[in-house]
2 protein chains.
Amino acid sequence: MSTIDDEPIKTPLTLDDGVDFAVIEHLFFAYRDFTADPDAILAEYGFGRAHHRVLHFVNRLPGLTVAELLDVLRITKQSLARVLKQLIDDGYIVQVPGPRDRRQRELYPTQKGRDLAMELALPQSRRIRAALEEAEPGDVAAVERFLRAMVNPELRPQMDKLPNGRSK
Amino acid sequence: MSTIDDEPIKTPLTLDDGVDFAVIEHLFFAYRDFTADPDAILAEYGFGRAHHRVLHFVNRLPGLTVAELLDVLRITKQSLARVLKQLIDDGYIVQVPGPRDRRQRELYPTQKGRDLAMELALPQSRRIRAALEEAEPGDVAAVERFLRAMVNPELRPQMDKLPNGRSK
DNA sequence: GAAATTATGTCAATAAGGCTGACATAATTT
DNA sequence: AAATTATGTCAGCCTTATTGACATAATTTC
C-alpha cells in the first residue's frame, strides 16, 4: 500500500504535459496588467473595478434596464445595488422609468459618466493599440476570433448586441 | 454658466469614439469564462482562485522561493501567507529549506498538488484548444504575441523564465 | 564577533466585491 | 382580485486583497 506521499516533485509541468500553459499564463498576465490601468484611475474617484464594469456597459448600451445589466454582468442584484447606487448618487448614471413598463429603470450615463467611461477606456485602448502595432494584418481578426471562441457559446449572442461602429 | 448636467445621454459609445471597445469586451468576457472552469473545481476543495495561482506557479517553477513567488504574483506576503499555509497544511505543497541559504523556503508540489494543478488546468486547456480549433495556422502565434505585448514590458522577462516545453 | 540586513512568518485591522436569504413596494399580467 | 414581475433594501457571510507592526532565524558586513 502507498503511504501518504509528501515527497517534493522537482520537475516542472511543461507544454509536454499536454496543456497549453503558455496561453493560460499569457492570459493571466495580460489581463492583470490590462485591468491595472483603470484600477489606478478608479482609486482616485473612490471607485473599484465593479463600478467600472457598470459604467462601461451603461455607456455601451444606454437605456438598458437593471435586469438586463444583471444579465450582462452575471452578478446578483445585491452586488450590483451598492455600486449602482453610488454611481447614481455621485451623478455618473441616471435612472429613467421605462416608457412601457414603469417598474423598469432605464439606465443612462450623464455627461460626467460618459467622460469617466472614456477616461477609463483610454489607457486600455492605448495598451491594445500598442500591442497591435507589432501585429501583422489579420492578427486583430485572429485575436478577436480567439477571444470570442473562449466565451461560452450561449453568451456570444449577448456580445453581438454591443454596438460595433457607426451608430446613428 | 453651466449648471450640473444630469441629462441622460441616449447614444452609445461605439468604435467610432476611437476606442477598441470590442477587444476590451472580448477580453472581459473571455477571461470571465476562462476562470469560471477552475473556480467550480476549487470550490469543491474549499479553495479559491488565489490557491489556484499559487499551486499553478509552484508546479510550473518547482523549487521557487517565497520571495520569487511573491514577485510573480505581485501580491503582499500577508496575502500569500494564508493560502500558502492552507496548501501546505493540506499536503499540496511542501517547503524545503534552501540549500545555500537556509532562511529560504523552496516550494515544491507533492503528487497530490501536481494532480490538482493538472485537474485545474485541464478545462482551461480544453477551452483554449476548442477556441483554436476554428483558427487558421499562424493564429496561435498571433494570439500569443498579442497577449505578450499586452503585458508591461518589464514583466515580460519573467514570462520567458517559465518552462516552454521539453523539460528534462 | 557584534551589528546590520535579509527571508520568512504572524498578528490585527481594513476594504472591495462577491454571495445568500428575507422581505417590501409598485406596477403589470392573469 | 390575485399572482407575478422589476426593483430595492436589510443583514450577515466569505474570499482576497491591503497596510503596519513585530518576531525569528540565518546570512552578510564591518
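Chain letters run A, B, ... following the sequence lines, proteins first, then strands; residues in each count from 1. What's counted below: heavy atoms across the whole structure, side chains too, no hydrogens, waters or symmetry copies.
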Could you give the side-chain donor-acceptor pairs of residues 115-123 of chain A under 3.5 Å, partners two or more places apart or in another chain?
residue, atom, partner, partner atom, Å
D115(A), OD1, Q111(A), NE2, 2.9
E119(A), OE1, Y45(A), OH, 2.7

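- Look at NZ on K85(B): it is 17 Å from P on dT8(C), rounded to the nearest Å.
- Rounded to an integer number of Å, the gap from H51(B) NE2 to dT16(D) C1' is 10 Å.
- A distance of 6.0 Å or more separates the ring centres of F34(B) and Y31(A).
- Nucleic acid contact for H52(A): none, since no nucleic acid atom lies under 4.0 Å from a heavy atom of the residue.
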- [ ] Using a 4.0 Å heavy-atom cut-off, write out nucleotides 18-30 of chain C from 5' to 3' as B (base contacted by protein), S (sugar-phosphate only) or - (no contact).
- [x] BBBBB---BBS--
TODO: Apply side-chain contact (heavy atoms from CB on, under 4.5 Å) to R145(A) and E134(B), showing your working.
DONE: CA-CA 9 Å; R145(A) 271 201 309 275; E134(B) 323 157 22; 5.9 Å; no
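- Remark: C1' of dC14(D) and CG of L42(B) are 15 Å apart, rounded to the nearest angstrom.
- For L107(A) and dA6(D), the CG to C1' distance is 12 Å, given to the nearest whole Å.
- Ring pair F57(A)/F29(B) is tilted by interplanar angle, where 30° to 60° counts as tilted.
- Q86(B) comes within 4.0 angstrom of no nucleic acid atom, judged by non-hydrogen atoms across all strands.
- For DNA chain C, runs of at least 3 consecutive pairs of the Watson-Crick or G-U wobble type, with both hydrogen-bonding distances under 3.5 angstrom, map to C:1-30 with D:1-30.
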